[in-house]
> 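Next up is a structure, given as structure tokens.
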Amino acid sequence: MNIDDGALLRRAAEWSSQWLGEQCTASGEPLIVHALGSAKILSGMQADPATRTAALLVATLEVSQADLSQVRQLDGIKEQFGPEIARLVQGTRELMRLSGIASGASDGADDAPMQKEMLRKMLLAMAADLRIVLLRLASRLQTLRWHANTKMPCSPALARETLDLYTPLANRLGIWQIKWEMEDLAFRFTDPARYKEIAGLLEEKRAERESFIHETVEALTSALQKMGIAADVTGRPKHIYSIHNKMLQKSLDFSALFDVRALRIIVQTERDCYNALGLVHERWVPMGDEFDDYISRPKPNGYRSLHTVVADAEGRPFEVQIRTRAMHEFAELGMAAHWRYKESPRAGAAENAVAADQYDRQLAWMRQLLAWNTEAAQRPGGGAGQTVATALASGAVTDRRSAGRMAKPTEERIYVLSPQARVLELPAGSTAVDFAYLLHTDLGHRCRGARIDGQLVPLQTQLQTGQTVEIVTTKSGGPSRDWLNPQLGFLASPRARAKVRSWFNAIELQQRMTQGQALVEKELQRLGKTAINLEQLAQQLGFAHADDLYVAAAKEEFSLRQIDAVFQPVASEVEPSLESMIVHASRTERGGVGGKSGVLVVGVDSLLTQLARCCRPAPPDPIAGFVTRGRGVSIHRADCASFVALNARQPERIIDVAWGQAEAQALFPVDLFVQAQDRAGLLRDLSEVFARLRLNVVGVNTHSKASMAYMSFTVEIRDGGELQRALIAMREVGGVLTAERRSPGA
């Protein structure tokens, strides 16, 4: 530390002493002791002088009760120590205030684990300068140390908040020493009996375990150097809270833990990894069931490393991890970061992918910044904790640590508080309307105003992380169409925008249903069918519900004339009786040998014959006759279903018949059926086919259902050739799906 930095810190200490005097925190810790302890912790973390100076000054705001005096105090700090330190002090105090409010509210919440995670994200997002997070961590660790050193009782709520909120942050930022010390101290106050039990099981003191690690690291480093392997060997004893967690999560006894002490070897290449593994197994006895090769078989998240457990000469097991520098950086900063599998997120609490990526980038940036500060402090002539801003100005940042990597990632999510102090996550640029829809759809519909931190603001006001938002509503009503105008800036959340659209779509649908129902009921009045069941009518017309029919009618996707077809169905839809299938020909259709029917009754002359309308026989169809009572012989196609039934009932009345010589001049009516996609001009196009083939159409029946048209034509033909030409031409008409002669008896 240079002379200027030392003078700055001494001046800050004197300033704090004057303001703090003998005043204490709510727990009884002297504020000046807290300030000096926090600064000392930050010094051990290689924090820059500005951060340590801010730690000495933060507590001075705690003695200012009124907001006005706090403003004056901040002005004094800015004047004496500069704007940078004043911003750090103000940001830390605001962070402490918000974390106290939100953590208290999340303790009793139904989604407490998710709220704790959201609060951790808000703390990081609140810190425009991420050194503020370090100041908060150091302050909490100092509080725990004071309670432990003075034997003063510590609030279990404060210790639990430390485990839920601050140790995960330290873990994710890679500040391991802070993490394990806070965990052990907090565990000591939350579960003192269990803490003492595990401490007794360790048998040896922490200092002795650390001594073992130190000696083992030196021996292993020397042996690797002799092999020509450049390696970075580190290690530390397992702390008590970590032992407790592992025993609890894996249901293990203390004797089954092999990583109470652990070493990590970082080498240059994969070959060096396996050479180092061979050296470890040569010096100590490996435990065969405790070896994992995650280099050749990486974990699903991409994590790669060698894990082995060996025992020393006294039979004490310890774990060794071996990896390359690239593997280590990936494990620490990439998707396989240590915190991802050390912390078990609540099942089903899936996060927005965009927000998760942004959060990960911010954490990785912070960890890189801390590592760079440590390297800068170790350079010859480098000041402890040289700031990034100073390094950039002096050109000290190497191309590996470029200025672009030092810039804080752009915020993509914000974290705001509800009036009940619940932390909620929104896209950056969100407004009070987005916030209202996030809480509840009905609240968003009735939103008419908002208060941010108690002040009324326009609905277009963009929210900032850390703000408390309260929605002003009306008893009834809905959203404004202006909210969907992106130029007006009411909405930034796709979720809220979709809910507003859904509201107006529902309104439009209801209007169409009302309009369509009026049209359908008017058509039914015209037909004199007002007593009809509308649901059944809709199903007969091919709709699932009456509402669907109304909407189609209102949108003119359904012709009201099709309703008439329901009450006047085609003849083929009514199953006739056997006697009714025998239709008598007119005088012009009757005849014997030379008659229009063109049918000869075998062995009988001048016998009255008629063509049955149920199957419409025409040459060269195989035919058969049935003697009726008083109306001559009815001629059917041989495969007609009605004729088959008559034959089964009265076989004695069946008579043989054949086509006569006059068939070339006779015309025979046949029924043709067409199924097509309903469209304008379809009937006209089919009529043109009949006109072109010079076929006489003597009957037409059409109806539509569910955008399909069903048509029946009765056409007079001379023979089967004309019938086939007609069917082929009809099938070539646009939209026609099928065109065929009606099956006999259908």
Side-chain angles (χ1 to χ4, degrees), residues 98-99 101-122 125-126 345-356 358-359 411-486 488-511:
L98 287 174
S99 63
I101 294 173
S103 61
S106 63
D107 286 336
D110 295 335
D111 57 346
M114 184 180 296
Q115 275 296 294
K116 296 292 186 184
E117 175 65 12
M118 297 292 284
L119 182 54
R120 286 192 286 267
K121 290 185 175 184
M122 187 184 74
M126 275 290 294
R346 185 178 184 180
E351 300 176 347
N352 182 281
V354 175
Q358 160 65 17
Y359 187 43
E411 297 290 347
E412 296 178 1
R413 311 293 287 183
I414 60 171
Y415 303 90
V416 295
L417 299 173
S418 71
Q420 295 76 33
R422 292 186 69 250
V423 182
L424 298 168
E425 182 182 52
L426 286 164
S430 293
T431 66
V433 183
D434 294 299
F435 176 83
Y437 276 108
L438 180 63
L439 288 176
H440 196 280
T441 301
D442 183 61
L443 185 67
H445 291 337
R446 296 186 292 110
C447 174
R448 292 298 179 270
R451 290 186 179 91
I452 297 180
D453 293 334
Q455 300 295 321
L456 278 171
V457 298
L459 286 178
Q460 302 100 315
T461 304
Q462 293 189 359
L463 305 178
Q464 303 295 326
T465 292
Q467 291 178 332
T468 299
V469 185
E470 181 183 359
I471 300 300
V472 179
T473 63
T474 184
K475 290 184 178 180
S476 61
S480 168
R481 288 193 180 273
D482 289 341
W483 294 0
L484 292 174
N485 187 342
L488 298 179
F490 281 99
L491 295 172
S493 165
R495 180 176 184 270
R497 196 178 298 278
K499 288 184 178 294
V500 174
R501 288 199 188 99
S502 178
W503 165 274
F504 287 110
N505 288 341
I507 294 296
E508 182 181 355
L509 179 63
Q510 186 61 46
Q511 292 174 346

> Quick one: are Q464 and I414 in side-chain contact, heavy atoms under 4.5 Å?
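The answer is no, as the side chains (C-beta and beyond) never meet within the 4.5 Å cut-off.
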
> Are F435 and S493 side-chain neighbours, meaning at least one heavy-atom pair lies under 4.5 Å?
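Contact flag for F435/S493 side chains = no.
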
> How long is the straight-line distance from CZ of R495 back to NZ of K499, given to the nearest 0.5 Å?
4.5 Å

> Listed by chain and number, what are the side-chain contact (heavy atoms from CB on, under 4.5 Å) partners of L509, not counting sequence neighbours?
M513, V551

> Could you tell me which non-hydrogen atom of R451 sits nearest to which non-hydrogen atom of V472, and how far apart they are?
NH1-CG2, 3.6 Å

> Applying side-chain contact (heavy atoms from CB on, under 4.5 Å), can you list everything that pairs with P419, at least two apart in sequence or on another chain?
E470

> Mind checking whether S476 and R446 have side chains closer than 4.5 Å, heavy atoms only?
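The answer is no, as the side chains (C-beta and beyond) never meet within the 4.5 Å cut-off.
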
> To the nearest 0.5 Å, what is the distance between CD (Q420) and CG (L439)?
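Answer rounded to 0.5 Å: 8.0 Å.
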
> Any side-chain heavy atom of N485 within less than 4.5 Å of one from F490?
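No, side chains not in contact.
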
> Would you tell me whether T431 and D434 have side-chain atoms, one donor and one acceptor, within less than 3.5 Å of each other?
yes

> For Y437, check ring-ring contact (aromatic ring centres under 6.0 Å, His included) against everything at least two apart and list the hits.
H445

> Measuring from atom CG of L463 to atom CG of L417, what distance do you get when rounded to the nearest 0.5 angstrom?
11.0 Å

> Just wondering, do W503 and T441 contact through their side chains at under 4.5 Å, heavy atoms?
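Answer no - side chains too far apart.
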
